[in-house]
Amino acid sequence: MTPDLVKRLGLVKELEGHTGCVNCIQWNSNGRLLASGSDDKTVIVWDGLVGRRMARVETPHEGNIFSVVWMPGADDQLVGTGAGDCRVCVLNVETGATLKSVIGHQGRVKRLTTAPDSPGVVWSGGEDGLVRQWDLRERWSMDSSNVLVNLTHHAGRGAEVKCVSICPSRSELIAVGANDPFVRVFDRRMITCSRLDPSAIPDTECGAVAYFVPGHLPGVEAAFHRKLRPLTSTYITYNKDGTELLCNLGGEQIYLYDKFAMYSTSAPINLAVIQNCDKRQVPANNGLKNGQSRTAFKNLPADVEALKLQANSEFEAQDYSKAVYLYNQAISHHATPHPILCGNRAAALMKRKWDGDIYAAFRDCLSALFLDPGHIKAHLRLAQCLTELDWLPEATKCLDNFKLKHPEHKKSAAFTQREIDLNAALEKKSAASNRTGAAASSASPPPASSPVLSQYSAASFLRSDDDQVEAMDSDDDSDDDAVRPPSSPILHPGGISSRLGNISSEHSKQEFEFRLKARDYSARFLGACNTTTDIKEANFLGRNGQFIMAGSDD
């Protein structure tokens, strides 16, 4: 699969046979047969290579079929289905017989998953907050002792399971997506399946091994709900090697968590560029030219430099989307991060301001400062990002640190504007607290810091396969720092609220702890719209999963 081939992809054939919306499809293991499930409550098996219908199976379902999977170890004779009638079924597509059928959930069954090394076993995720494990060798009933995960015990009574996926290389790991922005990964070896007992005391050990979430989303769920865009994982899947986990996040974008995010065991580290600036030594005079140090970096290669200049031109023409695209190309061609490319892309992202752009710019600023601690513009942009993200204590520390590191610039128009913006944000927050009567007293404990800021430093966003960073030199050609009148700083009490999301007394201690340690995304993909359904998929494309594909509302 190559980029040229992807560009040439087009419609080959339409498969007609269902009388209702087609909600789910799945290829068999050799890529020949395609199973589809529909609102007409039937499953059709197609010869995908020639586009011919092989079999049409009537199911016991009384609701829309949302998920269909091939059962491993059954020679492509059995499929599992889950539907809106809370039922899970296993069907023989050759004979049309129903082998198993059970109302196994108290909410709609949104997704099934299987593991190649577990023949006859299927896992179901339902909107009752449960993940259940069904084995063809056992009797199926609502009372079966097969509840693997009960999210309501840890994430509250409103928790719903929207999607599940087994890791192909480590089938003991099961990823669970819910009606919140977190993806949770559980180790089945740490869990004993149990019966559904609402009166039972939740187990203190839930079997979770990691949580994942885009760092800007915890705590803003209510804002997305007000925009009728609830943050919900509509689909999650591993790549074939189990080294990457992809999440299509309804109401927002598509996120990839790579092997560094998934399997890193390094201890959390503080955000050095905010807390105490940086640990790399720079010359006393900073060797500055146009906003950054020049002593450690070589010129960009000619092809990368050309892309950077094109991006700068688009930035100046205020086509920020094109600028971001070209900076992406330049960074990809360069193969290793570069402070100027990261800093310039941050400027373009801050101007474009699509959902998640400010946080992406924040990450780019961290990268630029890690590579070049003397990058003045990246430092000031970092402060602006923190202010716009409403992480005001960190923004204050960032500006205080800038004054210590660059005292000769603390009266500059750019720095003064950052102070004006921060003070305005602090005043707005203080006024809002006073209006609601929720202003914190001087005796109140300080609010919780962002888990993102407590865990990640610039180094966390600069991963490469060999962890090598090449030293280079360049200059910054895009300046978005406007000249504004100065203003005196105004200090206000208070700070950011907990960035743990909608935490309440219903959430368990384990839920609190794992949210606090949630790992950030490795890459994000923009362009697909996912706001009108909660079953829209995204998946890997290509032999090595080098492309991402997704359905879109448009």
Side-chain angles (χ1 to χ4, degrees), residues 11-114 119-128 132 134-136 140-142 161-165 234-235 237 248 532-539 551 553:
L11 180 64
V12 175
K13 190 175 183 63
E14 291 188 26
L15 307 180
E16 299 182 358
H18 286 291
T19 59
C21 294
V22 178
N23 300 315
C24 49
I25 56 175
Q26 190 180 62
W27 294 98
N28 70 340
S29 57
N30 65 20
R32 179 69 189 241
L33 300 179
L34 181 68
S36 59
S38 167
D39 286 356
D40 63 11
K41 308 173 186 62
T42 69
V43 170
I44 295 181
V45 177
W46 313 81
D47 184 322
L49 297 185
V50 299
R52 178 170 56 90
R53 189 171 78 180
M54 304 284 291
R56 186 175 187 272
V57 182
E58 298 288 342
T59 74
H61 289 297
E62 298 177 354
N64 302 340
I65 297 177
F66 291 125
S67 185
V68 60
V69 295
W70 293 92
M71 298 293 293
D75 296 326
D76 296 329
Q77 295 182 16
L78 305 182
V79 296
T81 56
D85 59 356
C86 312
R87 189 179 294 272
V88 178
C89 298
V90 173
L91 315 166
N92 188 312
V93 296
E94 291 190 354
T95 66
T98 300
L99 274 66
K100 295 285 187 178
S101 177
V102 63
I103 299 178
H105 290 267
Q106 296 175 337
R108 297 184 299 176
V109 179
K110 300 310 294 285
R111 198 67 62 179
L112 305 180
T113 189
T114 60
V121 179
V122 61
W123 291 266
S124 61
E127 290 181 333
D128 54 357
R132 305 192 75 154
W134 307 96
D135 192 324
L136 288 178
W140 289 17
S141 75
M142 176 64 85
V161 174
K162 296 291 189 179
C163 43
V164 290
S165 182
T234 64
Y235 194 77
T237 186
N248 196 349
T532 60
T533 65
D534 61 356
I535 57 172
K536 197 164 278 88
E537 299 187 9
N539 219 317
D553 292 335

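Positions are given from 1 along the sequence. Bear in mind the structure is a predicted one, so any value in this text is a computation, not a measurement.
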Checklist entry - If every non-hydrogen atom of Leu33 is compared with every non-hydrogen atom of Asn30, which pair is closest and at what distance? => result N-OD1, 4.3 Å
Checklist entry - Considering only heavy atoms from C-beta outward, does the side chain of Asp553 approach that of Lys536 to under 4.5 Å? => result yes
Next on the checklist: Under the criterion side-chain contact (heavy atoms from CB on, under 4.5 Å), I'd like the reasoning laid out for Glu127 against Asp534: C-alpha separation, chi angles, the key distance, then a yes or no.
Outcome noted: CA-CA 11 Å; Glu127 290 181 333; Asp534 61 356; 3.7 Å; yes
Checklist entry - If you count the non-hydrogen atoms of other residues, nucleotides and ligands that lie under 6.0 Å from CD in Glu62, is the total more than 12? => result no
Next on the checklist: Counting C-beta onward and ignoring hydrogens, is there a side-chain heavy-atom pair between Thr533 and Thr234 closer than 4.5 Å?
Outcome noted: no
Item to check | Side chains of Lys13 and Arg52 in contact at under 4.5 Å (non-hydrogen atoms) | outcome: no
Checklist entry - Are Leu91 and Pro60 side-chain neighbours, meaning at least one heavy-atom pair lies under 4.5 Å? => result yes
Checklist entry - How about Leu99: does its CG atom have over 12 heavy atoms from other parts shown lying under 6.0 Å from it? => result yes
Checklist entry - Can you tell me how far CZ of Arg87 sits from OG1 of Thr98, rounded to the nearest 0.5 angstrom? => result 9.5 Å
Next on the checklist: How long is the straight-line distance from CD of Glu58 back to NZ of Lys41, given to the nearest 0.5 Å?
Outcome noted: 10.0 Å
Checklist outcome for this item: Heavy-atom nearest pair, Ser124 first then Val109, reads CB-CG1, 4.2 Å
Checklist entry - Only one of Thr81, Thr114, Val79, Leu136 clears side-chain contact (heavy atoms from CB on, under 4.5 Å) with Val122; which? => result Thr114
Checklist outcome for this item: In short, Gln106 meets Met142 closest at the heavy-atom pair CG-CE, 4.0 Å
Checklist outcome for this item: What one should report as the nearest heavy-atom pair of Asp76 and Val93 is O-CG2, 3.8 Å
Item to check | Met54 side, atom CE; Leu34 side, atom CG - distance, nearest 0.5 Å | outcome: 12.0 Å
Checklist entry - Quick one: side-chain hydrogen bond (donor to acceptor under 3.5 Å, both in side chains) partners of Asp85, sequence neighbours excluded? => result His61
Checklist entry - Atom CD of Glu16 and atom CH2 of Trp46: how far apart are they, to the nearest 0.5 Å? => result 8.0 Å
Next on the checklist: Treating Trp27 as the side-chain partner and Ala35 as the backbone partner, does any N or O pair qualify as donor plus acceptor under 3.5 Å?
Outcome noted: no
Checklist entry - How long is the gap from CG on Asn23 to CD1 on Ile535, to the nearest 0.5 Å? => result 4.0 Å
Item to check | Atom of Arg108, atom of Cys86 and distance for their closest heavy-atom approach | outcome: N-SG, 4.1 Å
Item to check | Plane angle bin for His105 and Trp134 - parallel if under 30°, tilted between 30 and 60°, otherwise perpendicular | outcome: perpendicular
Next on the checklist: Please report the interatomic distance CG(Asn28) to CE(Met71), rounded to the nearest 0.5 Å.
Outcome noted: 14.5 Å
Next on the checklist: With a 4.5 Å cut-off on side-chain heavy atoms, are Asn92 and Leu78 touching?
Outcome noted: yes
Item to check | Test item: Arg32 and Asp47 side chains (from C-beta on) under 4.5 Å apart, heavy atoms | outcome: yes
Checklist outcome for this item: Heavy atoms of Ser67 and Leu112 approach each other most closely as OG-N, 2.9 Å
Checklist entry - Are the side chains of Glu537 and Asn248 in touch, meaning some heavy atoms are under 4.5 Å apart? => result no
Item to check | From CA spacing to verdict: side-chain hydrogen bond (donor to acceptor under 3.5 Å, both in side chains), Ser29, Trp70 | outcome: CA-CA 8 Å; Ser29 57; Trp70 293 92; over 6 Å; no
